[in-house]
Structure formats: C-alpha cells, structure tokens
Amino acid sequence: MAKRDQTSFACQACGAVYTRWQGKCDACGAWNTIAEEAAAVAQAVPAAQRAGRKGRAVALESLEGAGKPAPRLVCGIGELDRVAGGGFVPGSVLLIGGDPGIGKSTLLVQASAALARRGLKVVYVSGEEAVDQVRLRAQRLGLAQSPVGLAAETNAENIIATLAAGPPVHLAVIDSIQTMWSDSVESAPGTVTQVRTSAQLLVRYAKQTGACVILVGHVTKDGQIAGPRVVEHMVDAVFSFEGDGGHQFRILRAQKNRFGPTDEIGVFEMTGAGLSEVPNPSELFLSNRDAGAPGTAVFAGMEGTRPVLVEIQALVAPSSLGTPRRAVVGWDPARLSMVLAVLDARCGVRLGGHDVYLNVAGGFRIAEPAADLAVAAALVSALTGAPLPADAVYFGEASLTGAVRPVAQGPARLKEAAKLGFAQAVAPTGGAEGVDGIAVTPVGSLAALVAQIAARAPRRAPMREAQDSGGRPGLPQRPARADPEAGQGYESEGQIGR
C-alpha cells in the first residue's frame, strides 16, 4: 500500500490529534501543548484494488472451568509485593509514576537486585542516566554485587533485541518511557507518538515472551502521569509513588491493577541506605504528636486491607478578611466545605467568620469519607479550646442531615487502635462491634458529638470583654451550657449555639 507523509498536530498532555495547530486543547483544556508531528498516512486506494487478507477463526472456550492462579515473582520487599497483589505477574506491564527525586529509581534498583539474587534474570535499562551513574547508586545501596544486567539505551528496537538475545528475561525495567523512541515513527523522543509506539512495542514483547516489564513515567505538575492517557490503558497496572520532601516516608499507591486490589498502599521510609519498608505505618504517623493540644484528633482509617491511624490537626482563627480562608492539606477541600456547612446548619457551630486550616499530619492523604467525624471533632475542639481525649480515635461518615453513618471494617479499625494503646473510640451507632481492650462511644449525629466536646470546654467568666492584639474588643463570652441529648444550645465566645 503506498504511503505519503502527512503533518498532524497532537496534544502532548492527552494525545488528542488535530489537523491544524491551536493554542488550547479541546480534550484536556491544556494550553500550548499541541505540537506538530509527522506521521505516515496511507493514501486513499479504491476498495477494489486492496488485497485484503481473510481472518482466521479462533477457538472459543467456555466460562466454566477452574482457572490457574498466575505465578508471581516475589521480590521480598513486603510493601512492594503487597501493592502488586502478592508479587509481579509474568507477562504483565507495570507503569510507575512519581515526582522527580521521589525514589522511583532507588526502589526499582532494590527490587531488581532482590529478584536477581533469587536466580532470576533481571535487566535494568536506563534512558536518563549513564551506566556509571546507576552503578554509583547501586554501590551506595550496597547492591553492587547483585547480578543485574545494566544498559543505557533509548531505542526501543535495540532494547527489545537485547532482551530477546540470550536466556529468557524474567524482569525488565525501563527508566523511563518518555526517553524511548522508535525508528518506525518520525518524532522527537517524549512526544505522544513516540511514547505510544515505544510502549506498544514493549507491551507486545511482554505478552509474547512472558517477561514482566516495569515502565517508569514522568508526572505533570498536577501529579498525573505525563504522556497520552492511552498508555495507562495499555499496561496492566499503574502505581503512583507519592511523598513530600519535608517527610522521610514515601507511599506507593495502586491506581490500576488487573492482578490485585487497587486500594492497597505500601509505606517506605527514605534512609541513607535506600528505601526501607515500614511494617506499621500508624506508629510513624502518630510519632511526636501533642496529645493535649486542642484541635487534634486521631482518625482510624483503612487503606485497602490495612488499617492506618493518622492525626488530623485543625486550627480555627478569627478572620480579618471578607472571605475567610480555607486551607486543606491531605484531604478533599470540597469535603471540608460540606462538613463546615453541616456544622453550621445542623449543630449551630458558627465558623463563617473564621479562617480554617486543616492538616493531615505526616503528609498522608485521606480519600475515604470515614474521616468526617474526626475532622468535625478536630474543628469543634479547635474552636472551643477543649482538648480531645488522648486515648480516643474517631471514624464515621457525616450526612447532610447531620447524622453519622456507619462505615465498613469497623472491627479492623478498633483492633489497630487497641494494638497501639488507645482505650476508647467514638464511632457511629451500630457501626462498630466491641473489641477487647477498647470502649466504643456511639454517636448518632454530629450534634451529639458537639455536645460531648462542648462539655469539656473550659468555663470562662460571663460577659467578659477581651482585648485582642489589635486593641479591638473581643466577643462576649458566656458560661458553657451543654445539652447532651439535643447537642445544641452551647455558647462559647458567641460562636456556638442559636
């Protein structure tokens, strides 16, 4: 079939193709991401002149029958094997993304060395670093003696030819997919066409030979894996390596996994000898916490099958702006707005004139709605100045009516709290069964929670005028009144109550 060269324009963020250049991509909304690419397009030929090949019928099989479990390549790094679903599956393709310097290459070098020491053939191909640079990292990690095949190459055809030569390869690491290029297309490395073509060649190699291929991907400023989204659909698993430069731990989270769960996380700690796994992340997240300070609550959460306890910190301060600030780190800002609205409309907690700052200690990110109860407790505690019990954990989902709804896996949360020394838990009514060593205080609504915290608030002199740092008169302060049954009627600094 005759071919001719035709120029097209593709978005480098999402892969959308256009016939002419434009400033904004209509598919993803990104600006200045459309670049010109040359592609070989088949000329239009009449259908009568095409020499079509008839397809070959394939055998159909029934859904019945016991399927064989896929064998796994267990590297011995427990946190990595957990996220992968028990180990790497032969013939699968994994995509790992993360911020620059987060530790992707360090983790993969450690995993490659662990599998090579087990007698498997492992090849590490670096497209960004020279061979000597990878060797220096291996020496720093104490892995220089591991029998890992090392190469520095960016041509996809050369890489596949190298992997096909010699004994079968069990694991191949490509660092990174954005640096790969193929002779079959005329585009610069890193463009949408090159990334898609190189990934397709590596996926085809993995499916034909049964080797496990791990691709490293760059991320955008929004934390999304750079390049066309079709690459994420082509691979079998997508892992995200998260972390904060101000903290020593890293979190490996599965966003897609065809051979395992997608809600598991692996916690690692960055040390001088590389990444070390953290078997009990709750102790790490709760270390050095100020248990007696108002505005702090411990949330008993779940990440997959693993319970994780983290500290939620809240700060409520009077605002001098027309629109108060709402700053959130580690939680959904829209969820915080909903909790604030429910506290205002259903519980009489007035926070419209206050700046609200919410932080999940340790840089951890919470995605489940079970943190509503812990966030509400931290906010009310920060507003009233009443410290929460140091040995209590909170979990529960808040509805728009002010009711607290039960959440899944309550016993697992309580067992983890009891193992770490917590003696009591505030949970939804009927949502958690009793566990030895921990007492459960059921709450049916946020109003009842507000009443419990308000009863612990320090009493102040009635109608005392306070002067703030700017010399302006403060809000009148009234004696605390709490009605545990209704959960309303409490007044402190003129902000709670009707």
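- Not a single donor-acceptor pair under 3.5 Å links the side chain of Asp344 to the backbone N or O of Gly352.
- Within the model, atoms CD1 of Ile177 and CG of Leu202 stand 5.5 Å from one another, a figure rounded to the nearest 0.5 Å.
- Within the 4.5 Å cutoff, no side-chain heavy atoms of Phe299 are placed close to those of Val360.
- A side-chain contact (heavy atoms from CB on, under 4.5 Å) with Leu420 holds for exactly one of Asp391, Val298, Val393, Asn280; it is Asn280.
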Exercise for the section: Applying side chain to side chain contact (heavy atoms under 4.5 Å, CB included), run through Leu94 and Val235 and close with a yes or a no. Expected result: CA-CA 6 Å; Leu94 289 73; Val235 299; over 6 Å; no

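- Taking 4.5 Å as the limit, every side-chain heavy atom of Val426 sits out of range of all side-chain heavy atoms of Leu388.
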Problem - Check against side chain to side chain contact (heavy atoms under 4.5 Å, CB included), Val192 and Cys11 - result: CA-CA 7 Å; Val192 170; Cys11 176; 5.9 Å; no

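- For the residue pair Ser240 / Arg253, no side-chain donor-acceptor distance below 3.5 Å is found, with atom types taken as modelled.
- For the pair Arg413 (side chain) and Ala408 (backbone), a donor-acceptor distance under 3.5 Å is present.
- Taking 4.0 Å as the cut-off between side-chain N and carboxylate O, Glu232 and Lys256 do not count as a salt-bridged pair.
- For Glu79 and Arg250, the salt-bridge test fails: no basic side-chain N is under 4.0 Å from an acidic carboxylate O.
- With a 4.5 Å cut-off on side-chain heavy atoms, Arg456 and Ser381 do not count as touching.
- The minimum heavy-atom distance between Val328 and Pro333, with the atom names listed, is CG2-CA, 4.1 Å.
- Aromatic ring centres of Phe249 and Phe285: separated by under 6.0 Å.
- Between the side chains of Glu128 and Ser176, at least one donor-acceptor pair of N or O atoms lies under 3.5 Å.
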Practice task
Start with the C-alpha gap between Val203 and Val213, add the side-chain angles, then the distance that decides, and say whether side chain to side chain contact (heavy atoms under 4.5 Å, CB included) holds.
Solution key: CA-CA 8 Å; Val203 169; Val213 177; over 6 Å; no

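- Shown here for Gly385 and Pro294, the closest heavy-atom pair between the two residues is O-CG, 3.6 Å.
- Remark: the backbone N or O of Leu321 is paired with a side-chain donor or acceptor of Ser319 at under 3.5 angstrom.
- Not one N or O on the side chain of Arg72 forms a donor-acceptor pair closer than 3.5 Å with the backbone of Asp81.
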Exercise for the section: List the steps and the verdict of side chain to side chain contact (heavy atoms under 4.5 Å, CB included) for Phe395 and Leu414. Expected result: CA-CA 10 Å; Phe395 62 90; Leu414 297 178; 3.8 Å; yes

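- Once rounded to the nearest 0.5 Å, the distance linking CE of Met270 with OG1 of Thr106 reads 5.5 Å.
- The two atoms that bring Leu400 and Met338 nearest to each other are CD2-CG, 3.5 Å, heavy atoms only.
- Here the side chain of Thr262 pairs no donor or acceptor atom with the backbone of Gln255 at under 3.5 angstrom.
- Note that CD1 of Ile214 is 4.5 Å distant from CG of Leu171, once rounded to the nearest 0.5 Å.
- Annotation: the span from Gln110 atom CD to Cys75 atom SG amounts to 9.5 Å, rounded to 0.5 Å.
- No donor-acceptor pair under 3.5 Å is formed between the side chain of Glu303 and the backbone N or O of Ile265.
- No donor-acceptor distance shorter than 3.5 angstrom exists from the side chain of Asn359 to the backbone of Gln313, with no hydrogens or angles considered.
- Thr384 places a side-chain N or O within 3.5 Å of a backbone atom of Val380 that can act as its donor or acceptor partner.
- Shown here for Leu73 and His170, the closest heavy-atom pair between the two residues is CD1-O, 3.5 Å.
- Smallest separation of non-hydrogen atoms from Asp372 and Val339: OD1-CG2, 4.1 Å.
- Rounding to the nearest 0.5 angstrom, the gap separating the CZ atom in Arg405 from the OG1 atom in Thr429 is 13.0 Å.
- At least one side-chain heavy atom of Glu269 sits under 4.5 Å from a side-chain heavy atom of Ser276.
- More than 12 heavy atoms of other shown residues, nucleotides or ligands fall within 6.0 angstrom of atom CZ in Arg289.
- Side-chain atoms of Asp236 come within 3.5 Å of backbone atoms of Val93 as a donor-acceptor pair (strictly under, hydrogens ignored).
- Taking the side chain as every heavy atom from C-beta outward, Val267 and Arg306 approach each other to under 4.5 Å.
- By the 4.5 Å heavy-atom criterion applied to side chains, Pro307 and Ser282 are not counted as neighbours.
- Among all heavy-atom pairs drawn from Val74 and Leu115, the shortest one is O-CD2, 3.5 Å.
- Between Leu309 and Phe422, the closest side-chain pair of non-hydrogen atoms falls below 4.5 Å.
- Here Glu397 pairs with Arg335 in a salt bridge; the nearest charged N to carboxylate O distance falls below 4.0 Å.
- For Thr296 (side chain) and Gly292 (main-chain N/O), no donor-acceptor pair under 3.5 Å exists by modelled atom type.
- Residue Thr305 holds its OG1 atom at 3.5 Å from CD of Glu264, rounded to the nearest 0.5 Å.
- Between Ser105 and Arg137, the closest side-chain pair of non-hydrogen atoms falls below 4.5 Å.
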